[in-house]
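From a predicted model like this one, the values you see are computed outputs, not experimental measurements.
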Amino acid sequence: MSVVPGPRRGRGGEPGQRTCEWSSRLECTSSARDCPPRAVQALCPEPGAPAARAMAAADSTSATLRHRDLCSRGIRLAGKMRSDVVDLLDTYVEQQGLDASANVAAVEGVPLAAVERWDEQTGTQRLLENLAAYRAFRALLAQMLEEQQEQLGEADATLGRALAAVLLQVSAFTYHLEELLRLENRGPPSEEAAVLPVPPQLSLFERKLRGLGVLRELAQWAVRSVRDLRQLAKPSPGSSTAANPAESP
């Protein structure tokens, strides 16, 4: 008489069940071959997968916090810059003998701070427009400072120091914007476009008006930059981390 073998029993004792066996090192034994592929994947995860996911999550959190920190510091920089530019405007008008309400044409090479459909812009668009503007301001202020020194020498040190201080703030803010672009995995564009041509044969009065226009537009850009950075600091949809409240300028 032949003996028919009974059904295989798993470790739980129920017939027909197949389970994976684990060694003391939490690795699947050779009997895992009998398990369905999905069961093997669930019971025997790929080594290092949880750690890799944890590291990726930590990197993402770190980048988010870095981004918000840069935005917060940028808001403070732009607010301080606007305050100093407003003071510089008063000094400039007084020292140059200009009328504070004088009409000034738009300065060539400087993007206007006013923009249509501001709320529809992407974060990258905001950063790129800000960067283009402040690179232009950096070149224009350096030109103004040089002209001021040539015209008055050391006779008007107050205005020269104020111009130099604002120029330093514009340079620092430009670098800040470049850092934000790098954090978005997008390097800042080439700076060739920020090189401004020498104005053709402007009279002394025309240069004074041009300087007034530069400072007025810079003050407007400082206001817009605060708005742009506040918008960038907001958490993205689905983010569980609340953004830090932005400081007022």
Atom [atom1] in [X], atom [atom2] in [Y]: separation rounded to 0.5 Å?
{"X": "Leu89", "Y": "Asp84", "atom1": "CG", "atom2": "CG", "value": "11.5 Å"}
{"X": "Thr91", "Y": "Arg161", "atom1": "OG1", "atom2": "CZ", "value": "11.0 Å"}
{"X": "Leu229", "Y": "Leu77", "atom1": "CG", "atom2": "CG", "value": "9.0 Å"}
{"X": "Leu159", "Y": "Gln96", "atom1": "CG", "atom2": "CD", "value": "6.0 Å"}
{"X": "Leu232", "Y": "Cys71", "atom1": "CG", "atom2": "SG", "value": "5.0 Å"}
{"X": "Met81", "Y": "Gln169", "atom1": "CE", "atom2": "CD", "value": "7.0 Å"}

Which heavy atom in [X] sits nearest to a heavy atom in [Y], and how many Å separate them?
{"X": "Gly160", "Y": "Leu145", "value": "O-CD1, 3.5 Å"}
{"X": "Arg82", "Y": "Ala222", "value": "CB-CB, 3.5 Å"}
{"X": "Leu202", "Y": "Glu206", "value": "CA-OE1, 3.4 Å"}
{"X": "Gly79", "Y": "Val226", "value": "N-CG2, 4.0 Å"}
{"X": "Arg207", "Y": "Tyr92", "value": "O-OH, 3.8 Å"}
{"X": "Pro189", "Y": "Leu131", "value": "CD-CD2, 3.7 Å"}

Does [X] use its side chain to pair, donor to acceptor, with the backbone of [Y] at less than 3.5 Å?
{"X": "Gln125", "Y": "Thr122", "result": "yes"}
{"X": "His176", "Y": "Leu70", "result": "yes"}
{"X": "Glu217", "Y": "Leu112", "result": "no"}

### Task
Given salt bridge (Lys or Arg N to Asp or Glu O under 4.0 Å), test Arg135 with Glu178 step by step and report yes or no.
CA-CA 11 Å; Arg135 282 177 170 178; Glu178 291 172 350; 3.0 Å; yes

### Task
Please test Arg76 against Ser72 for side chain to side chain donor-acceptor pair (under 3.5 Å), starting from the C-alpha separation and ending with a verdict.
CA-CA 7 Å; Arg76 292 194 296 270; Ser72 179; 3.2 Å; yes

### Query
How far apart are the C-alpha atoms of Gln95 and Gln148, what are their side-chain angles, what is the distance that settles it, and do they pass the side chain to side chain donor-acceptor pair (under 3.5 Å) test?
CA-CA 11 Å; Gln95 294 292 335; Gln148 186 72 19; over 6 Å; no

### Message
Are the side chains of Thr174 and Asn130 in contact, using a 4.5 Å heavy-atom criterion?
### Response
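Not in contact.
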
### Heavy-atom check, side chain of Leu128 versus side chain of Leu177, under 4.5 Å
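Contact flag for Leu128/Leu177 side chains = no.
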
#### Entry: Where at least one partner belongs to residues 85-106, residue pairs that pass salt bridge (charged side-chain N to carboxylate O under 4.0 Å, His left out), sequence neighbours excluded
none

### Query
Could you give all pairs that pass the salt bridge (charged side-chain N to carboxylate O under 4.0 Å, His left out) test and reach residues 117-127, with sequence neighbours left out?
Arg126-Asp228

### Query
Under the side-chain contact (heavy atoms from CB on, under 4.5 Å) test, which residues partner Val104, sequence neighbours left out?
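Checked Val104 against side-chain contact (heavy atoms from CB on, under 4.5 Å); matches are Leu209, Leu212, Arg216.
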
### Message
Quick one, Leu167 with Leu163, criterion side chain to side chain contact (heavy atoms under 4.5 Å, CB included). Give me CA distance, side-chain angles, the key distance, then yes/no.
### Response
CA-CA 6 Å; Leu167 174 57; Leu163 275 170; over 6 Å; no

### Message
Tell me whether Phe205 shares a hydrophobic cluster with Leu215, the cluster being built from Ile, Leu, Val, Met, Phe, Trp, Tyr side chains joined at under 4.5 Å.
### Response
yes

#### Entry: Leu183-Leu127 co-clustered via ILVMFWY side chain contacts under 4.5 Å
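Looking at the clustering, Leu127 is in the same group as Leu183.
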
### Task
List in chain and number order the residues that pass ring pair (Phe, Tyr, Trp, His ring centres under 6.0 Å) with Phe173, two or more places apart in sequence or in another chain; answer none if no residue qualifies.
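Result, ring pair (Phe, Tyr, Trp, His ring centres under 6.0 Å) vs Phe173: Tyr134.
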
### Pairing residues for Glu179 by the salt bridge (Lys or Arg N to Asp or Glu O under 4.0 Å) criterion, not counting sequence neighbours
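Once residues adjacent in sequence are excluded, the partners of Glu179 under the salt bridge (Lys or Arg N to Asp or Glu O under 4.0 Å) criterion are Arg66, Arg182.
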
### Query
Going by distance alone, is a donor N or O of one side chain under 3.5 Å from an acceptor N or O of the other, for Arg210 and Gln143?
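Checked: Arg210/Gln143 side chains pair up, N/O donor to acceptor below 3.5 Å.
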
#### Entry: Remaining members of the apolar cluster that contains Val115, side-chain heavy atoms under 4.5 Å
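Under the 4.5 Å side-chain rule, Val115 groups with Trp118.
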
### Message
Please enumerate all residues that pass side-chain hydrogen bond (donor to acceptor under 3.5 Å, both in side chains) together with Glu129, with sequence neighbours excluded.
### Response
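If we apply the side-chain hydrogen bond (donor to acceptor under 3.5 Å, both in side chains) test to Glu129, skipping adjacent residues, the hits are Gln121, Arg224.
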
